[in-house]
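Here the structure comes first, spelled out in structure tokens, and everything after it is commentary.
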Amino acid sequence: MAVIFRPWTNRLPQMVAIAGPALLGAVVFGFWYWGSPKFLEMGYGPAQPVPYSHKLHAGDLALDCRYCHNTVERAAHAAVPPTATCMNCHKTVLKDSSRLGLVRSSAETGAPIEWVRVHKLPDFVFFNHSAHLAAGVGCVSCHGRVDQMPVVHVAKPLGMAWCLECHRDPGPSLRPVAEVTNMSWDAATAGYDPAKDPARKRPVNPPTQCDGCHR
């Protein structure tokens with residue numbers, strides 16, 4: 001009678017018992033690590049319909065973030081500025097530039113500029129800009145050094161694990177409320193201690209339970 005199973009096949013059950021969990025663990029780790037926002041979203045910086053440079057406006061010209069994103073202190077969302085905000089300056093500054101043709105057209109027709117959204121959280125996540133700014137979390141903590149970006153890109157993971165790290169230990173991300181839009185402000189250099197800030201009326205206690213962000 002022909003031999004169907006060779007002697008080495010007797011070790012198959014042991015091999016499967018060892019290799020199976022190892023392979024499963026590798027697959028799970030791969031999805032967890034390389035499938036995270038750090039790899040899928042960080043660096044995303046789409047081209048915009050108008051080549052707007054935050055490095056020029058927020059950096060070189062030192063425009064405050066709130067001049068354009070004027071709802072950030074009182075609403076959940078940071079508003080995209082209307083064309084009228086752009087025209088406050090550009091009706092006299094570079095008013096004939098070909099790069100601003102779409103801005104002038106929008107101002108004349110009332111048709112909004114279709115800016116491409118860069119930072120987007122899933123629909124099942126609730127995030128309130130005003131609450132974070134009121135607590136003294138600077139724009140740079142979540143958006144990076146926007147004042148150094150000719151083209152804005154995603155600089156932080158913005159994933160749940162990353163957010164929870166800050167919620168569990170918010171101290172390192174806090175600064176005086178007056179400095180929330182100051183991109184170059186540094187807590188270590190300033191010697192800032194949130195617990196000793198007389199302007200703080202109550203301690204910061206961000207939620208870590210599920211319904212804090214998933215409502």
Side-chain angles (χ1 to χ4, degrees), residues 35-135 137-160 162-163 166 173 177 179-185 213-215:
S36 71
K38 181 177 181 180
F39 283 90
L40 296 179
E41 297 174 13
M42 284 184 66
Y44 172 65
Q48 299 291 348
V50 177
Y52 180 92
S53 171
H54 277 75
K55 181 181 183 299
L56 171 63
H57 292 80
D60 301 341
L61 300 178
L63 289 181
D64 191 286
C65 306
R66 293 164 292 195
Y67 179 74
C68 295
H69 304 290
N70 56 18
T71 63
V72 73
E73 291 182 300
R74 52 189 172 82
H77 299 287
V80 175
T83 303
T85 299
C86 305
M87 292 303 293
N88 285 339
C89 294
H90 288 295
K91 62 186 176 185
T92 55
V93 177
L94 298 176
K95 62 179 182 179
D96 298 320
S97 171
S98 60
R99 292 160 63 92
L100 298 174
L102 185 58
V103 177
R104 293 192 297 272
S105 175
S106 174
E108 293 168 1
T109 64
I113 298 173
E114 296 185 5
W115 300 102
V116 181
R117 187 168 183 174
V118 179
H119 299 86
K120 181 176 176 60
L121 296 178
D123 292 339
F124 54 79
V125 176
F126 173 78
F127 179 87
N128 189 313
H129 276 85
S130 65
H132 287 76
L133 264 68
V137 178
C139 304
V140 71
S141 294
C142 298
H143 296 292
R145 290 299 301 269
V146 175
D147 60 322
Q148 298 176 357
M149 299 180 187
V151 177
V152 169
H153 62 270
V154 178
K156 305 289 184 175
L158 304 182
M160 186 172 75
W162 182 81
C163 293
C166 183
S173 299
V177 174
E179 303 290 348
V180 290
T181 61
N182 184 348
M183 296 284 174
S184 61
W185 187 91
C213 300
H214 303 293
R215 304 182 179 182

*Considering residues at least two apart in sequence or located in another chain, which fulfil the side chain to side chain donor-acceptor pair (under 3.5 Å) criterion with T85?*
none

*Can you list the steps and then say if V152 with Y52 is a side chain to side chain contact (heavy atoms under 4.5 Å, CB included)?*
CA-CA 9 Å; V152 169; Y52 180 92; over 6 Å; no

[X] side chain to [Y] backbone, donor-acceptor under 3.5 Å:
X: H90; Y: V93; value: yes
X: T109; Y: S105; value: yes
X: E179; Y: W185; value: no

*Before giving the answer on side chain to side chain contact (heavy atoms under 4.5 Å, CB included), spell out for V118 and H153 the whole-Å C-alpha distance, their side-chain angles and the decisive distance to 0.1 Å.*
CA-CA 7 Å; V118 179; H153 62 270; 5.5 Å; no

If you take all heavy atoms of [X] and [Y], which pair is closest and at what distance?
X: V116; Y: Y44; answer: CG1-OH, 4.0 Å
X: A78; Y: V72; answer: CB-CG2, 4.0 Å
X: V151; Y: G45; answer: CG1-O, 3.9 Å
X: N128; Y: A75; answer: OD1-O, 3.6 Å
X: L56; Y: S53; answer: N-OG, 3.1 Å
X: S130; Y: R74; answer: CB-N, 3.7 Å

*Stepwise side chain to side chain contact (heavy atoms under 4.5 Å, CB included) check, K55 with D147*: CA-CA 5 Å; K55 181 181 183 299; D147 60 322; over 6 Å; no

*Contact list for residues 98-112, test salt bridge (Lys or Arg N to Asp or Glu O under 4.0 Å), sequence neighbours left out*: none

*Do H214 and F124 have ring centroids that are under 6.0 Å from one another?*
yes

How long is the gap from [atom1] on [X] to [atom2] on [Y], to the nearest 0.5 Å?
X: L158; Y: F127; atom1: CG; atom2: CZ; value: 8.5 Å
X: C68; Y: H57; atom1: SG; atom2: NE2; value: 7.5 Å
X: M183; Y: R145; atom1: CE; atom2: CZ; value: 7.5 Å
X: H129; Y: C142; atom1: NE2; atom2: SG; value: 7.5 Å
X: I113; Y: L102; atom1: CD1; atom2: CG; value: 5.0 Å
X: Q48; Y: E114; atom1: CD; atom2: CD; value: 11.5 Å

*Looking at side-chain heavy atoms only, is the closest gap between V140 and V146 below 4.5 Å?*
no

*Measure the shortest side-chain to side-chain distance between M42 and P157 over non-hydrogen atoms and say whether it is less than 4.5 angstrom.*
yes

*side chain to side chain contact (heavy atoms under 4.5 Å, CB included) assessment of H143 paired with V154*: CA-CA 7 Å; H143 296 292; V154 178; over 6 Å; no

*More than 12 heavy atoms of other residues, nucleotides or ligands under 6.0 Å from NE2 of H77: is that the case?*
no

*side chain to side chain donor-acceptor pair (under 3.5 Å): which pairs involve residues 60-70, sequence neighbours left out?*
D64-R66, D64-T181, R66-E73, R66-T181, Y67-N88

